[in-house]
There are 2 protein chains.
Amino acid sequence: MVTLKQLAKELNVSISTVSKALNNSEEIGKETIKRVKELAELYNYKPNKVALSLKQNRTNTIGVIIPDILNHFLSKVLFGIEREASLHGYNIMTCISNESLEKEKESLQLLANGSVDGFILCLSEETQIKNEIEHFKQTIKRGLPIVMFDRVAHDVLCDKVIVDDFDATYRATKNLLDENRKQIAFFSNIDDLSVGKLRERGYNKAILESQSHKPLVLNIKKEDNPQEKIIAFMKQHKNIDAVISADSASGVIAINVATSFGLKVPKDISVIGFSSQSVSNHSIPRLSTIRQHAKEIGANAAQMLINRLQNVSGEASEFKTKIVKTSLVKNGSTL
Amino acid sequence: MVTLKQLAKELNVSISTVSKALNNSEEIGKETIKRVKELAELYNYKPNKVALSLKQNRTNTIGVIIPDILNHFLSKVLFGIEREASLHGYNIMTCISNESLEKEKESLQLLANGSVDGFILCLSEETQIKNEIEHFKQTIKRGLPIVMFDRVAHDVLCDKVIVDDFDATYRATKNLLDENRKQIAFFSNIDDLSVGKLRERGYNKAILESQSHKPLVLNIKKEDNPQEKIIAFMKQHKNIDAVISADSASGVIAINVATSFGLKVPKDISVIGFSSQSVSNHSIPRLSTIRQHAKEIGANAAQMLINRLQNVSGEASEFKTKIVKTSLVKNGSTL
DNA sequence: GTGAAAGCGCTAACAG
DNA sequence: CTGTTAGCGCTTTCAC
């Protein structure tokens with residue numbers, strides 16, 4: 001990599017002249033600017049980012065810590081973050097906590113040593129279960145702002161972007177009640193996450209409000225084969241005529257299982273699931289989905305962080321929580 | 001962030017003493033080391049990564065450029081890269097090229113300015129179509145090693161990690177021929193990618209070798225609804241009794257479509273697809289899959305790059321191409 | 001055993 | 001209009 005020093009030497013001027021010339025400083029003569037720029041072009045000079053970072057005390061890099069990149073929702077959020085960040089000239093450094101508190105702490109520590117200007121993160125499962133938040137508070141105290149999304153720690157003062165999980169499931173359940181369904185089941189493989197709990201609560205509220213209905217919940221564990229679990233459960237509860245799925249897989253699996261039982265979807269049984277457009281294609285009829293607008297969540301989080309980073313002057317403004325509304329897309333597995 | 005300077009001041013010693021003490025230098029007295037370390041601990045001192053990078057002229061960061069993070073295979077590779085890198089004390093900076101040559105070039109440029117020590121990347125679709133490789137060559141000339149995976153540019157001299165796409169499809173097709181299938185179709189939504197072409201060729205070879213068979217290919221475009229396309233195609237070709245899918249979705253969709261036509265899988269029709277374990281759950285029976293071992297691919301790529309980065313002494317060793325073998329997992333959609 | 005000084009690549013205040 | 005200098009945080013050589 002060619003440096004200012006080398007350019008300066010070759011041009012027989014000082015380093016600062018070169019620097020100023022490249023930055024179009026008023027101080028430098030037109031002729032000199034031209035000469036400098038030509039040589040820089042020739043050598044394909046690009047300022048060293050590390051030196052700039054050290055000098056300016058900011059890296060233009062955002063640290064992103066997500067629990068699981070194989071989760072379609074999370075990788076979609078990451079996509080949204082990357083796009084928005086890149087638009088504003090920020091790079092992202094990604095760490096994967098693998099749902100482990102320890103790895104989450106490590107990543108935070110690691111990146112907090114000057115590598116990044118701030119964080120966007122989603123709590124690991126273990127962090128949520130143990131409800132540990134000290135590492136977040138420390139990071140913030142160190143001067144690195146954090147934006148949390150989806151799974152957030154309410155007791156940490158920072159910006160947040162969340163989904164209206166409770167409302168979304170409540171309304172989806174209502175929807176099924178309006179279809180006159182008698183036994184609406186709730187499938188989830190995320191019952192230990194805050195969002196999983198919220199979704200279940202939304203479902204429960206709608207069911208209980210309707211008097212004549214009873215909740216029926218299937219919790220699928222990580223180690224289970226989801227297909228087998230759902231087959232067994234639906235065999236056991238033949239009266240199920242509607243399903244809400246809190247995760248992206250259970251919905252399409254439920255439709256496929258129902259079909260394999262000879263049931264007609266949506267005539268005999270309706271299904272709604274939190275899912276993405278691509279996965280909804282994995283069943284016939286296509287799964288009616290609650291769309292979480294993951295990219296938008298990511299973009300929002302990035303915006304909030306960048307705003308805070310660039311608003312160095314105006315002192316710490318109030319912390320905000322942005323709620324991204326879900327939308328119900330009827331694809332064919334509902335009436 | 002507390003610095004050496006501040007610690008030195010507080011301890012009434014020089015900066016270099018503090019630095020040496022923290023690095024357990026022999027030169028420094030035991031007592032001093034103890035004092036320094038205690039204060040460092042108290043203030044939770046961590047050396048500034050940016051300063052270290054500038055000094056040591058390496059960042060311990062790997063740049064990863066992938067065309068699409070919503071692609072399950074690619075995000076799985078990313079997972080493998082991240083894990084391996086993290087194991088060796090490397091961070092990763094991720095850029096998403098969005099299948100665009102321009103964005104790929106930009107990302108390469110951007111990160112090549114001292115932000116990363118080397119690259120792991122998968123070519124964008126546009127790059128493959130236009131067959132442009134100048135930007136890779138330049139980056140390498142600049143001293144930044146590249147490891148390419150999956151979609152690679154054969155004309156660039158660098159380490160590569162690829163899948164035995166041709167062989168995998170060839171063998172899978174053979175497998176279906178051995179089941180005595182009469183009309184084996186090939187579904188793909190990646191026909192413009194090198195890997196897509198290789199897969200189709202493997203299929204073609206097996207089909208043509210068998211004399212009595214004819215190839216039957218369905219190419220699905222990005223803008224198509226894959227489900228509708230497959231339904232239409234299978235209606236049109238009622239004689240299809242086996243399907244090979246080059247992408248992760250078409251396989252499960254094919255099974256679901258077949259089932260909706262009243263066909264029995266695998267009795268009436270067999271299906272094999274390049275897919276992941278989780279997606280294979282989205283059909284009944286579960287899709288028999290060609291597993292690409294994405295995580296392993298990522299891990300291999302990271303290892304190769306890190307090896308090259310740390311092997312500063314031994315001069316440029318030969319460039320290697322590692323082929324990661326696929327394996328066929330029979331899940332129920334084949335005999 | 002400890003400290004001063006140089007230098008990584010860059011910017012910017014200040015001097016000329 | 002151009003150059004000198006200091007400094008970002010750190011390591012390391014060389015004096016003391």
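Keep in mind that what you see is a predicted model, and the values were worked out from it rather than measured. Letters go in sequence order (proteins before strands), and every chain restarts at 1.
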Nucleic acid contacts - residues 52-61 of chain A versus DNA chain C, non-hydrogen atoms under 4.0 Å =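 Within this stretch, A:Leu52, A:Lys55 sit under 4.0 Å of the strand.
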
DNA chain C contacts among residues 30-46 of chain A, heavy-atom distance under 4.0 Å =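 Correct list: A:Tyr45.
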
Which residues, if any, of residues 14-28 of chain A bring a heavy atom under 4.0 Å of DNA chain D?
->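 Within this stretch, A:Ser14, A:Ser16, A:Thr17, A:Lys20, A:Glu27, A:Ile28 sit under 4.0 Å of the strand.
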
Going by heavy atoms closer than 4.0 Å, what residues in residues 110-119 of chain A are next to DNA chain D?
->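 Result for residues 110-119 of chain A: none.
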
Compute whether any side-chain donor of one residue and acceptor of the other, for A:Glu132 and A:Thr127, lie under 3.5 angstrom apart.
->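 There is no such pair between these side chains.
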
Can you pull out how bent the helix from C:dG1-D:dC16 to C:dG16-D:dC1 is, comparing the axes over its first five and last five pairs, to 10°?
->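 The angle, to the nearest 10 degrees, is 60°.
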
Could you list the donor-acceptor pairs under 3.5 angstrom formed by side chains in residues 25-33 of chain A, with sequence neighbours left out?
unit_1	atom_1	unit_2	atom_2	d
A:Ser25	OG	A:Glu27	N	3.1
A:Glu27	OE1	A:Lys20	NZ	3.2

Passes side chain to side chain donor-acceptor pair (under 3.5 Å), B:Ser75 versus A:Ser75? Steps please.
-> CA-CA 8 Å; B:Ser75 63; A:Ser75 62; 5.1 Å; no

First and last nucleotide of DNA chain C in contact with chain B, 5' to 3', at under 4.0 Å to a heavy atom: what are they?
->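 Footprint of chain B along DNA chain C, 5' to 3': C:dG1 to C:dG9.
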
For [X] and [Y], indicate whether the former's side chain and the latter's backbone hold a donor-acceptor pair under 3.5 Å.
X        : Y        : value
A:Thr61  : A:Thr59  : yes
A:Glu84  : A:Ala299 : no
B:Asn311 : B:Asn307 : no
B:Asp117 : B:Arg58  : no
B:Asn113 : B:Gln109 : yes
B:Glu82  : A:Ile96  : yes

Please tabulate, for side-chain N and O atoms in residues 147-156 of chain A, each donor-acceptor pair with protein atoms closer than 3.5 Å (sequence neighbours left out).
unit_1	atom_1	unit_2	atom_2	d
A:Arg151	NH1	A:Glu99	OE1	2.9
A:Arg151	NH1	A:Leu123	O	2.9
A:Arg151	NH2	A:Glu99	OE2	3.1

With sequence neighbours excluded, tell me which residues meet side-chain hydrogen bond (donor to acceptor under 3.5 Å, both in side chains) with A:Gln138.
->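 A:Gln138 satisfies side-chain hydrogen bond (donor to acceptor under 3.5 Å, both in side chains) with no other residue.
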
Set of residues satisfying side-chain hydrogen bond (donor to acceptor under 3.5 Å, both in side chains) with respect to B:Asp159, sequence neighbours excluded |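 By the side-chain hydrogen bond (donor to acceptor under 3.5 Å, both in side chains) rule, B:Asp159 matches B:Arg308.
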
Mind checking which nucleotides bracket the chain A contacts on DNA chain D, 5' to 3', with an atom under 4.0 Å from a heavy atom?
->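 From 5' to 3', the first and last contacting nucleotides are D:dC1 to D:dG9.
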
What does A:Val13 touch in the nucleic acid at a heavy-atom separation under 4.0 angstrom: a base, only the sugar-phosphate, or nothing?
->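 Here A:Val13 touches the backbone only, sparing every base.
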
Side-chain contact test, heavy atoms from C-beta onward, threshold under 4.5 Å: evaluate it for B:Asp68 versus B:Asn98 and give yes or no.
->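 Contact flag for B:Asp68/B:Asn98 side chains = no.
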
Please identify each residue that fulfils salt bridge (Lys or Arg N to Asp or Glu O under 4.0 Å) with A:Glu106, with sequence neighbours left out.
->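 If we apply the salt bridge (Lys or Arg N to Asp or Glu O under 4.0 Å) test to A:Glu106, skipping adjacent residues, there are no hits.
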
